[in-house]
There are 2 protein chains.
Amino acid sequence: MISQAEENYLKAIFKIAEKENRAVSTNAIAVLMQTTPASVSDMLRRLSDKNLIAYEKYRGVQLTEAGKQVATELIRRHRLWEVFLVEKLGFSWDEVHDLAEQLEHVQGPSLIERLDAFLDYPRYDPHGDPIPDADGLWVFRAQILLSDLKTGQRGVITGVQEHSSAFLQYLAQMGLTLGAVLELLERIDYDQSVRVRMYDTRELMLSEKVCKNLFLMIENA
Amino acid sequence: MISQAEENYLKAIFKIAEKENRAVSTNAIAVLMQTTPASVSDMLRRLSDKNLIAYEKYRGVQLTEAGKQVATELIRRHRLWEVFLVEKLGFSWDEVHDLAEQLEHVQGPSLIERLDAFLDYPRYDPHGDPIPDADGLWVFRAQILLSDLKTGQRGVITGVQEHSSAFLQYLAQMGLTLGAVLELLERIDYDQSVRVRMYDTRELMLSEKVCKNLFLMIENA
DNA sequence: AAAAATATTTAGATTTGCCTAAAAATAAAT
DNA sequence: ATTTATTTTTAGGCAAATCTAAATATTTTT
């Protein structure tokens, strides 16, 4: 039996390992989970006992295959529930994280498979993050940050780097939703802010911070 | 803050109080929750400290208004999730209890109101049990047990007394689902089993045990 | 009304998950 | 290569929720 707390640690370790490609440090986990390194140490011992992580004292941790599977399944559940909350219940994309955080821990045979079918097997969640399939596999998308887009290039918004509700609300208000088409008109040297055209019509200015948190796929047309 | 364990105790007390109309005993709670009387005693002290129950040592407990509200809201959530699982995800009525038991504890603003709307404000769950509305109110139905039906009377199946999956599966297999029309042809004195006609066509025999667990509304036509 | 049976509570432990403070190991800086 | 700083672990405690065993109330039986 894996407790909810244990599940949350595995997910956190997975998410950190996704970005950095070395063993995950106790501290990094503590920061992400908003707890103390001491508590993390405690939990790492337990997870190691259950063979969900490979743990060498003072050397950080890596997920075992078993641990990776648990984490991936959790991410799958989380993202499917987010789709449900947005598509079926009408929540906005900035409201669903905390609910999905709870729903992902609901256990039961065939629940997630049925939910997946009910939602018509979505490949991405409301934030553009890919949803692992029943085997834990997901597609990789060649998306780049708006901050890496060259002047003159056009792209479609496909996701966000930051998931804070403040950022998500701002984007929604500006009409910067998934699928929106942007053309980079100009990058201002002074502060790295940009001037973009949306859907070939409206022009708007976006700060460097926004650019560093917005993913696009370049239109090859 | 009310923990999940506390919520479950409140619900159990509510359910026992529904049937017996006296103070609920420690033992009855222990039996329903499949735990020891000692654990129940412990929890009753905590619930009493939070003014969710009125508790006199050795004299049993009653829910306070606050406790009743929590219990009712839980029942509302449980039954709405059951409707979702059956109507939207295609589970059968004998599979949904344990899942709803987990889902009912998910907390978040407007979740249940949105779910209710999505399901089109159902008044009954898949077992025929009434769903409290947002104010905690529900309609009372004048249903009687098949064991109390008189020979010659006709009725529509509206609910079950027992909720075990064995019983629910048996009923489904026999076609004895909600809405089915039964006419009591004969009650056998020897073992109180009955002969009934279903939808004016098929005849079948039902044991006393089945009769004591099947609710019907008499057709006034 | 006293004895026996049953129900309930208290006492003492255990597990999980967290905390703070102190100790130990590793990394960085001089 | 020491010293300093940072990171990580250990030690000791705490609260929630459970358990078993023992003590205490209440109810039932005689």
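By convention in this document, chain letters (A, B, ...) are assigned in the order of the sequence lines, proteins followed by strands, and residues within each chain are numbered from 1.
Taking the six-membered ring wherever Trp is involved, the centroid distance between the rings of H97(B) and H163(B) does not fall below 6.0 Å.
At most 12 heavy atoms of other shown residues, nucleotides or ligands fall within 6.0 angstrom of atom CD in E56(A). Atom CD of E65(A) has 12 or fewer heavy atoms from other residues, nucleotides or ligands within 6.0 Å. The neighbour count for D189(B) CG, taken as heavy atoms of other residues, nucleotides or ligands under 6.0 Å away, does not exceed 12. Heavy atoms of other residues, nucleotides or ligands lying less than 6.0 angstrom from NZ of K50(B) number more than 12.
The salt bridge (Lys or Arg N to Asp or Glu O under 4.0 Å) pairs that include a residue from residues 83-101 of chain A are K11(A)-E101(A), where partners are two or more places apart or lie in different chains.
Between L44(B) atom CG and dA16(D) atom P the separation is 16 Å, expressed in whole Å. For the pair M1(A) CE and dT16(C) C1', the interatomic distance rounds to 14 Å; values are reported in whole Å. Rounding to whole angstrom units, CG of residue D42(B) and P of dA13(C) are separated by 15 Å. Y58(B) has its OH atom 9 Å from the C1' atom of dT26(D), to the nearest Å. Counting to the nearest Å, the C1' atom of dC19(C) and the CE atom of M43(A) are 14 Å from each other.
Note on R45(A): every side-chain N or O is 4.0 Å or more away from OP1 and OP2 of dT9(D). For dT18(D), one of the phosphate oxygens OP1 or OP2 lies less than 4.0 angstrom from a side-chain nitrogen or oxygen of Y9(B). Contact check, R46(B) against dA16(D): no side-chain N or O comes under 4.0 Å of OP1 or OP2.
Each of dT18(D), dT26(D), dA27(C) was ranked by its minimum atom distance to the side chain of R59(A); first place goes to dA27(C).
Contacts between residues 22-41 of chain B and DNA chain D, defined by a heavy-atom separation below 4.0 Å, involve T35(B), T36(B), A38(B), S39(B), listed by number. Non-hydrogen atoms lying under 4.0 Å from DNA chain C are contributed by Y55(B), K57(B), all within residues 47-57 of chain B.
Partner assigned to dT30(D) is dA1(C), using Watson-Crick or G-U wobble distances below 3.5 angstrom.
The distance from atom CG of N213(A) to atom CD of Q161(A), rounded to the nearest 0.5 Å, is 6.0 Å.
A donor-acceptor contact under 3.5 angstrom links the side chains of E7(B) and Q107(B), judged on distance only.
Taking the six-membered ring for Trp and thresholds of 30 and 60 degrees, W138(B) and F14(B) have ring planes more than 60 degrees apart, a perpendicular arrangement.
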